[in-house]
Each structure stands twice: as structure tokens, then as C-alpha cells.
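In what follows, every heavy atom counts, from backbone to side chain, and hydrogens, waters and symmetry copies are set aside. All chains are named by letter (A, B, ...) in the order of the sequence lines, taking the proteins before the strands, and each is independently numbered beginning at 1.
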There are 2 protein chains.
Amino acid sequence: MQTKNTTSFAILGALASRASSGYDLKKFLEQQIGHFWKISYGQVYPLLKVLAQANLASVKEQTQKGRPPRYLYKITPAGKSELRNWLHSPLDPESPNLDREVMLRLFFGRFSEANMRTRQVEQLKAWAQGRADQHAAAGKALKQQHESNPDLPFWLITASSGTAAAIALADWCDQTLTALKGLK
Amino acid sequence: MQTKNTTSFAILGALASRASSGYDLKKFLEQQIGHFWKISYGQVYPLLKVLAQANLASVKEQTQKGRPPRYLYKITPAGKSELRNWLHSPLDPESPNLDREVMLRLFFGRFSEANMRTRQVEQLKAWAQGRADQHAAAGKALKQQHESNPDLPFWLITASSGTAAAIALADWCDQTLTALKGLK
DNA sequence: ACTAACATGTAAGTAGTTACATGATTCT
DNA sequence: AGAATCATGTAACTACTTACATGTTAGT
């Protein structure tokens, strides 16, 4: 089974706060984390079955009049421990999507330990700063190596988007660290 | 043929500035736009063949001593017109990745018309502002609907990431609009 | 009368990643 | 001596999207 799939942790995390049907789950996740984590029915329904088979979630059928049955999924103790394991597992600084990974973990922050959350946001901040530096350096290199290239102004524009995004991310990390302090 | 694949336009665009081998291409795109557009050999080599078959690119084999032959791809007139078509095609404001789409188009901005580029960045800015508003509203709704929910602080943190990213994007659009003015 | 929401699910397709195979050459 | 670069390619896999099928009920 691929319980390694990060989306299955997103589902598991959502189930940790509230028992849900696939329909509920998709709507909830779409609304709350849809801006950085996509989910579709084509994923949710099969993954819920996988989670249930792996005993990380339990199912109860709720029959309804005139409507198809609703399957209510609940997280099991094994599921909670699997979720916590994931939340506390080390970050891979090589991951191209470290930002999305950390944000997803933070969304389920209620189930992780305060010092772990803080450490991971700090790691993300360092990663973002590193990226900002890299992009700044890449911009300088572009200017020198392609001085008279008619593409240069456009290439610089996209390079600047990298720098801007990285700086914005680092700033958000700062704000988040402050917010997290208030929760101890 | 799926010449609709956006990555194939990324390749076509890169070929518009410089004839390249698959190896070159991957290195170049990875370095320049890797932060928002991923490419791998598993995509590049097959897509180059598709482009060549569709007559959007031509190939020349360059035999080398001791090394595997190098295939040099050049964009054809048909390819250039296909590229321009794409660059000038209307943006889909429903696209969840409008930012990446516009950035990619801008990277190849040399091949599009100035007023089109500007219009698309303006559209992106409006899109970003709309998102910022949506996230701000969603944050307020969260506070009211989940007042005593222990998940609330964490949910607010991820919501704030959406707002922050959207605002940063809108700011970058402003800077970019200024930069584009200087190119007329 | 119609539209949206409720509710499940799957089949087919698209996109992309990872890992392997091959092997000389140039740099450290 | 060993690592990195040059250079191509594919097979298997993973992840995800889109579109369809089905049908009621509640709201406008």
C-alpha cells in the first residue's frame, strides 16, 4: 500500500479533527488548503479505502432515505499514531516543495509537538533564505553572461519572481514563528 | 498529438532563442525556470520527438568522437508561429496555476507583443488581488465559525499563507509592469 | 421549473518522476 | 583514483485530472 502518499496524510489529518465522508472531506480540504494542496474525488475515495484497509481509519455506513449511503470515516488509534509519526518525521531539505509540505504539517499542527512545529518552520525559513540568495546570485550571473541578449530583460523578470516568492515565504515564516510562540 | 501540453511550449520557447540538444535544454530550463516549472529527461526527450514529428522543430545529428551522437533541435517557422499563438492566446482565469502560466509566458516575452504581455500581467494582478481578498474573507469566517475549535490557530496560519502569497504575487506584478514599461 | 447540493464511485487519460542502461571524457 | 559532465533514451511507476454514471432533495 502507498500510505507514503502525502495526500493520504492530508486525509488522515483531516479525519483526526472530524469524522467525515469522502464528500465532506473533499469540500473541507478544498476550502481550507486548496490553495496549496489539490484534491479530487478521484483521489479521495480510493485513498479512504486504502486507509480503511490499512486500519488507519474505520468506516460506518449511514443509510439515508432516498440518498446513496453515506460512509463515515473515523481515524483509528493506529491512524493517529501514523499521523503523528509523519508530523514528527524529519524534513527533506532537498524537496522542491518544502513549503507546501511544512504548510500541510502546520495545518494539522494540533497533533504535533510545539517544539517540532517551531523547528520545522525555522528550517523552512532557512531554506527560503537560501533560495532568495540563490535567485539573487542567478540574476547577477544572468546580467553578466547575457549582457546583450534580447531575452535578458524577460529572464530577469522571471528570476525576480523567484527572489520575491522566497522573500515572501521567509517573511511568512517569521510571522508564523511569532504566532506559534503564542500557543505554547 | 498533444502539443497542448504546456511543457512542450516551454521547450518550444527555449528552442526559439537557441538551438539545443535535449541535454542542454533540460539544464537551461532547470536553471532558469526550475523554481516554478519542473522538467525531467523523461519529459524532454519524448516531447522533442513529438515537436519534431509535428514539424515544429527540426533535428540535426552531430556525430562526436567517443560520445553518443548529439541531436541539435532548431525551431521551425511553424514552431515559431505555434509559439506566438500560445503566447497570445487568452488566459483562463479559472486556472489554478495562472501565476506559473503567466511567468512562463513572460520568460518567452521576447516573442510576444508588448501590449499583450502587459495585459496578461494586469490580469494576473487582478487574479492575485481577488485571491488575497478571498483568503482574508476565509480567515474571518474561520474565526467566527470555529471560535473554540482547538484547530483554529493552525488553520489561521495556513490561511495567512494564502493571503501572504497572493499579496506578494500582486506586488511582483506591479514591479513587473514597471519593468515592462521600460521595454517599449 | 431549475439549479445546487448531497453522495458515491470508476475508467480512461495526462503528466511527471525515478531509476536504470551505456560509456567516454574531463576535471579535481 | 574518482567524481562530474556529456549525452541519449526508456520502462515502470506514481499521482492526479476529467468526465461520466446515478439519483434524490432542498432551495430559488
Side-chain angles (χ1 to χ4, degrees), chain A residues 1-12 19-31 33-53 57 59-73 92 94-97 100-101 104, chain B residues 1-12 19-31 33-53 57 59-73 92 94-97 100-101 104:
Chain A
M1 287 150 234
Q2 65 268 46
T3 321
K4 300 169 100 186
N5 184 321
T6 311
T7 297
S8 67
F9 286 114
I11 294 174
L12 202 56
S20 323
S21 65
Y23 186 84
D24 287 344
L25 215 51
K26 195 243 178 185
K27 224 177 65 174
F28 174 72
L29 289 178
E30 199 167 56
Q31 227 170 61
I33 60 168
H35 56 103
F36 68 92
W37 210 274
K38 306 296 166 198
I39 16 73
S40 60
Y41 290 131
Q43 278 175 278
V44 167
Y45 286 117
L47 283 179
L48 277 173
K49 286 190 177 169
V50 171
L51 291 177
Q53 267 170 7
V59 208
K60 259 186 207 165
E61 187 176 345
Q62 298 181 314
T63 40
Q64 306 178 109
K65 25 161 191 175
R67 285 212 177 136
R70 190 169 177 270
Y71 298 97
L72 192 72
Y73 288 84
D92 172 13
E94 299 301 303
S95 162
N97 299 320
R100 294 171 59 235
E101 171 95 21
L104 189 61
Chain B
M1 287 152 238
Q2 65 267 46
T3 320
K4 301 169 103 187
N5 184 320
T6 312
T7 297
S8 67
F9 285 115
I11 293 174
L12 202 57
S20 323
S21 65
Y23 186 84
D24 287 344
L25 214 52
K26 196 245 177 181
K27 224 178 64 174
F28 174 72
L29 290 177
E30 199 167 56
Q31 224 170 65
I33 60 169
H35 56 106
F36 66 93
W37 210 274
K38 306 293 165 199
I39 16 74
S40 61
Y41 291 131
Q43 278 174 278
V44 167
Y45 287 117
L47 283 178
L48 276 171
K49 285 189 177 169
V50 171
L51 291 177
Q53 268 171 5
V59 208
K60 260 186 205 165
E61 185 176 347
Q62 297 181 317
T63 41
Q64 306 178 109
K65 26 161 190 172
R67 284 209 182 139
R70 189 170 179 271
Y71 296 98
L72 193 72
Y73 287 84
D92 172 12
E94 300 301 302
S95 163
N97 299 319
R100 294 171 59 232
E101 171 95 24
L104 190 61

Whole-Å distance separating the [atom1] atom of [X] from the [atom2] atom of [N]:
| X | N | atom1 | atom2 | value |
| --- | --- | --- | --- | --- |
| B:Arg70 | C:dT22 | CZ | C1' | 19 Å |
| B:Leu48 | D:dT10 | CG | P | 12 Å |
| A:Leu25 | C:dG9 | CG | C1' | 15 Å |
| A:Lys26 | C:dT10 | NZ | P | 17 Å |
| B:Tyr45 | D:dC6 | OH | C1' | 9 Å |
| B:Tyr73 | D:dG9 | OH | C1' | 11 Å |
| A:Gln62 | C:dC6 | CD | P | 15 Å |
| B:Trp37 | C:dT17 | CH2 | C1' | 16 Å |

Please tell me if A:Tyr23 has a side-chain N or O lying less than 4.0 Å from either OP1 or OP2 of C:dT8.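 Looking at the OP1 and OP2 atoms of C:dT8, neither is under 4.0 Å from any side-chain N or O of A:Tyr23.
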
Is any side-chain N or O of A:Lys27 closer than 4.0 Å to OP1 or OP2 of C:dT8?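 No, no such contact exists.
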
Find the distance between [atom1] ([X]) and [atom2] ([Y]) and round it off to the nearest 0.5 Å.
| X | Y | atom1 | atom2 | answer |
| --- | --- | --- | --- | --- |
| A:Asp92 | A:Ser95 | CG | OG | 5.5 Å |
| B:Ser21 | B:Tyr45 | OG | OH | 6.0 Å |
| B:Lys27 | B:Ile39 | NZ | CD1 | 12.5 Å |
| A:Leu47 | A:Ile11 | CG | CD1 | 4.5 Å |
| B:Trp37 | B:Thr6 | CH2 | OG1 | 4.5 Å |

At under 4.0 Å between heavy atoms, what does A:Lys49 touch on the DNA or RNA strands: base, sugar-phosphate, or nothing?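 If one applies the 4.0 Å heavy-atom cut-off, A:Lys49 turns out to touch the sugar-phosphate alone, with no base involved.
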
With the side chain defined as heavy atoms from C-beta on, B:Thr7 is closest, among C:dG16, D:dG9, C:dA7, to C:dG16

With respect to the side chain of B:Asn5, which nucleotide from D:dG9, D:dT5, C:dG16 is positioned closest? C:dG16

Quick one: does any side-chain atom of A:Arg100 pair with a main-chain N or O of A:Phe36 as donor and acceptor, under 3.5 Å?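 Side chain of A:Arg100 to backbone of A:Phe36: a pair is present.
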
List every contact pair, protein side and nucleotides 17-19 of chain D side both N or O, where the distance is under 3.5 Å.
{"unit_1": "D:dT17", "atom_1": "OP2", "unit_2": "A:Ser40", "atom_2": "OG", "d": "3.3"}
{"unit_1": "D:dT17", "atom_1": "OP2", "unit_2": "A:Gln43", "atom_2": "OE1", "d": "3.1"}

Do B:Lys26 and B:Tyr41 form a cation-pi contact, if we require the NZ or CZ to be under 6.0 Å from the six-membered ring centre and within 45 degrees of the ring's axis?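 Cation-pi check for B:Lys26 and B:Tyr41: passes.
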
